[in-house]
Number of protein chains: 2
Amino acid sequence: MALVVQKYGGSSIGSPERIRRVAERVAATRAAGHDVVVVASAMGDTTDELLDLAHQVSRAPGSARELDMLLTSGERISNALLAIALTDLGYPACSLSGPQAGVFTTPEHGYARIVDVLPTRVRQELDRGQVVLVAGFQGLCKDTDDVTTLGRGGSDTTAVALAGALHADVCEIYTDVDGVCTADPRVVPTARLLDRVPYAQMLELAAHGAKVLMPRSVEYARRHGVVVHVRSSFTDRPGTIVADRADQEVQMEKTAVTAVAHDRAVALVSVTGVPDDDPIRPARVFRVLANAGVEVDMPVHKSTRGRVDLSFAVARGSAPAAVAALHAAADTIGFAAVTSDHNVGTVSVVGDALTADITATVCETFAALPTRIRLLTTSELRISVLCPDTELDRAVRALHEVFELSTPLTGPPATVYAGTGRGW
Amino acid sequence: MALVVQKYGGSSIGSPERIRRVAERVAATRAAGHDVVVVASAMGDTTDELLDLAHQVSRAPGSARELDMLLTSGERISNALLAIALTDLGYPACSLSGPQAGVFTTPEHGYARIVDVLPTRVRQELDRGQVVLVAGFQGLCKDTDDVTTLGRGGSDTTAVALAGALHADVCEIYTDVDGVCTADPRVVPTARLLDRVPYAQMLELAAHGAKVLMPRSVEYARRHGVVVHVRSSFTDRPGTIVADRADQEVQMEKTAVTAVAHDRAVALVSVTGVPDDDPIRPARVFRVLANAGVEVDMPVHKSTRGRVDLSFAVARGSAPAAVAALHAAADTIGFAAVTSDHNVGTVSVVGDALTADITATVCETFAALPTRIRLLTTSELRISVLCPDTELDRAVRALHEVFELSTPLTGPPATVYAGTGRGW
């Protein structure tokens, strides 16, 4: 008998019919003799609808505390409905709020971080033979006795954190796609479902455009050794296991490249003509951006003829904040110009022990398209290229083909992607 | 500076526009220098919509605990939205769940009773200059650490209980009518708004068809001496004060009758041919009904020729349960027949120190209609008549006229009713 944590996203429980279907899936796991803890997101568009209400009563709903009171209702509703549906199927169930489940957080409303999970009540209810449903995305700040939300990817993080605290055998993340693929199947029709992805590669994929998991929950899983199983809530396909293996995988030796990720929501920011008289000037660029909460990716530092040019990728949404912060610090940095280009995207080849040979192949592939590389960065696990966003799909397809990612690595037959086409 | 508790019903906050309007009213009270605690119900039809969802995921949503988790979200949403709207108007506000506000209850889900109110957090937030919004209708059972709901009239009871615990100066109940009238203005167009009604009379009115307040909250107010002010959330009319006066009111001496209430949701149950050999038999009738949770009103006990006939009014919805419970106990009671008539209603004349003269006037009024009286009971505060429900409106109008209830008793000009026509 295993202890299984299952997480269902908003689209998986977007209607009463889907809630009943999810209840049947949970019931099947329970009927197989396993203990089950379920973390469900808010139904479909509930969160957006509640936010819309807030904007209707206020020009600028500024109180993060009240927004959290408002938004956490969404998960309570969906989890209570799931509990009702399960009880209807003959499986006793009990829904708990984040605070009741012992999810304790920092006090930052809207983007709290989990500091502790004490699932005493969850264990009690499991011992009483109940399926336990926990409202995801929320917790309690002990200092303020206020309900908090965890921000984007919060429900995944709740599920992984609970799985860790309960020493669950597996944390199943149910979503509307079949699992983690070698590329986005909407861009690459021959993309193949991956059986297994190690944490570090999954982190790189998640951080560079793969929507199926949030980097934050992967990081939590890695740190606490939680085995994550990404599966479709609409099919019985095998899905993808995210975990490290003690033994070296045979498959991993055949090719170093696992998958190609891409991200359209990127902007290229360039700071040019920084005097090269004092190395503190370019450092100030990164300090200013860090203080403004802007994450910088693929930084390129080029020094020529007494001046330094800096370029880097940022999330497209934070580009205006980045430019504003840099202009505010113009005097201390002393740049000639700051520019931002929103018509770009990134392609990332993710794998293990990526060699210079693979970097060369990436560059040759872009040259053959031909597509101009605007930025290029490499690491052991990832080679990323920033290019015009109009070239993104062609680049993804070309790289997927050149690294032969459509070909299954070993025995098990390739799983042909047949998902719903959202995320991958 | 006063401490004011304001309660707003679901229709008063049924849309974002109405929430903004309520926020302006709260802000005006705060701007006048008063401390304000607000208890709001769920928005409009939220509770029904949530119940509908529960019925869509389950043929018979049996888990009262889960229904409570589900339904309590409604009040959290509306109170958070009110807090956001108030903050937008420049008045810092903080919404608290029932548990956060220190409302502790018995464990019965769906019909919990308040056992204690410890508003420590409410006081803290008031001291910090905040308007405090408390989710009505809900509390926490300390023994189970579960959220409970208080059942019908729960938000009124939350407001009155908080007003009592906080020693508030007044508990204002905002509703969609102008206050308590001498009769339902939909039946009696000349019905007059009452300035003031003592607790005991308000209890009688509420228990016999006046929808404006639930008996439960009036009883709580009476026991804890909370001054209740029933007002319209759509107008600035003065409303009705429910409270006892230390000094005898001049108005009260002019006539004993205060108002006429009526109730259409009534059934007449008759148990006939009970052998008159042992007085335990009729007693068993009432014991059986009490055990079945059926409230009995206007009982008439008639003994003739060795047999006893019992008749009484019950809420129409509980008539089937009453008949079933009586049939199940047929052997120990030994009746000849049990009948129930759903085509009846009650008219109640409520006042103070009602005399035999008034009883005679009531009977004469029915005789003049002519309308047959099926049951009649009298007490110091109330004379109730059960009659065919088709005769109800005529009887209410006739009694309202004969006791001259349209005529204002003293100086202040009569407030002409101009409500929205729901309840009275």
Side-chain angles (χ1 to χ4, degrees), chain A residues 13 15-23 42-43 46 49-50 52-89 92-97 99-100 120-121 124 133 135 144-147, chain B residues 13 15-23 42-43 46 49-50 52-89 92-97 99-100 120-121 124 133 135 144-147:
Chain A
I13 52 163
S15 66
E17 293 69 39
R18 288 188 175 183
I19 287 177
R20 285 204 307 271
R21 217 151 25 155
V22 164
M43 285 174 73
T46 309
E49 285 164 17
L50 290 172
D52 186 50
L53 278 174
H55 283 279
Q56 285 183 56
V57 301
S58 165
R59 288 155 302 186
S63 170
R65 179 190 182 280
E66 296 306 326
L67 283 176
D68 278 2
M69 277 296 271
L70 184 69
L71 297 182
T72 49
S73 298
E75 282 75 22
R76 293 166 71 111
I77 290 170
S78 55
N79 281 275
L81 288 172
L82 254 179
I84 288 167
L86 271 163
T87 306
D88 198 50
L89 294 173
C94 162
S95 78
L96 302 177
S97 67
Q100 283 176 327
T120 318
R121 178 84 190 267
Q124 277 172 8
L133 301 111
T144 61
D145 193 33
D146 278 334
V147 178
Chain B
I13 52 162
S15 67
E17 294 70 39
R18 288 189 174 181
I19 286 177
R20 285 204 307 270
R21 215 147 31 151
V22 164
M43 285 175 74
T46 307
E49 286 164 15
L50 290 172
D52 186 49
L53 277 175
H55 282 280
Q56 284 183 56
V57 300
S58 166
R59 288 154 304 187
S63 169
R65 180 190 182 279
E66 295 305 327
L67 283 176
D68 278 0
M69 276 297 270
L70 184 69
L71 297 183
T72 48
S73 298
E75 282 76 22
R76 293 166 72 111
I77 291 170
S78 54
N79 281 275
L81 287 172
L82 254 179
I84 288 167
L86 271 162
T87 306
D88 199 50
L89 294 173
C94 163
S95 78
L96 301 177
S97 67
Q100 283 175 328
T120 318
R121 178 82 189 268
Q124 276 171 10
L133 302 112
T144 61
D145 193 32
D146 279 333
V147 178

Largest heavy-atom contact set with chain B, pairs under 4.5 Å, which of A:Ser97, A:Ala23, A:Ser95, A:Gly74: A:Ser95
What residue, out of A:Pro92, A:Cys94, A:Ala54, A:Ala83, has the most heavy-atom pairs lying under 4.5 Å from chain B? A:Cys94
Winner by heavy-atom pair count (cut-off under 4.5 Å) against chain A, out of B:Thr87, B:Leu53, B:Val147: B:Leu53
As an exercise: rank B:Arg20, B:Met43, B:Arg76 by heavy-atom pairs under 4.5 Å with chain A and give me the winner. B:Arg76
Less than 4.5 Å to any heavy atom of chain A: does that hold for the side chain of B:Leu96, its backbone, both, or neither? both
Segment of B:Leu86 engaging chain A (4.5 angstrom heavy-atom cut-off): neither
Report yes if some heavy atom in the side chain of A:Ile77 is under 4.5 Å from a heavy atom in the side chain of B:Leu50; otherwise report no. yes
If I measure from the heavy atoms of chain B, does A:Leu133 come under 4.5 Å with its side chain, its backbone, both, or neither? neither
Side chain, backbone, both or neither: which part of A:Ala135 has a heavy atom under 4.5 Å from chain B? neither
Any chance you could measure [X], atom [atom1], to [Y], atom [atom2], to the nearest 0.5 Å?
X       : Y       : atom1 : atom2 : value
A:Ser58 : B:Ile84 : OG    : CD1   : 7.0 Å
B:Arg59 : A:Leu89 : CZ    : CG    : 7.5 Å
B:Leu81 : A:Met69 : CG    : CE    : 11.0 Å
A:Gln56 : B:Ile19 : CD    : CD1   : 9.0 Å

Taking side-chain hydrogen bond (donor to acceptor under 3.5 Å, both in side chains) as the definition, give me every residue that meets it alongside B:Ser78, ordered by chain and number, with sequence neighbours left out. none
Taken in chain and number order and not counting sequence neighbours, the residues that satisfy salt bridge (charged side-chain N to carboxylate O under 4.0 Å, His left out) with B:Asp146 are A:Arg121, B:Arg65
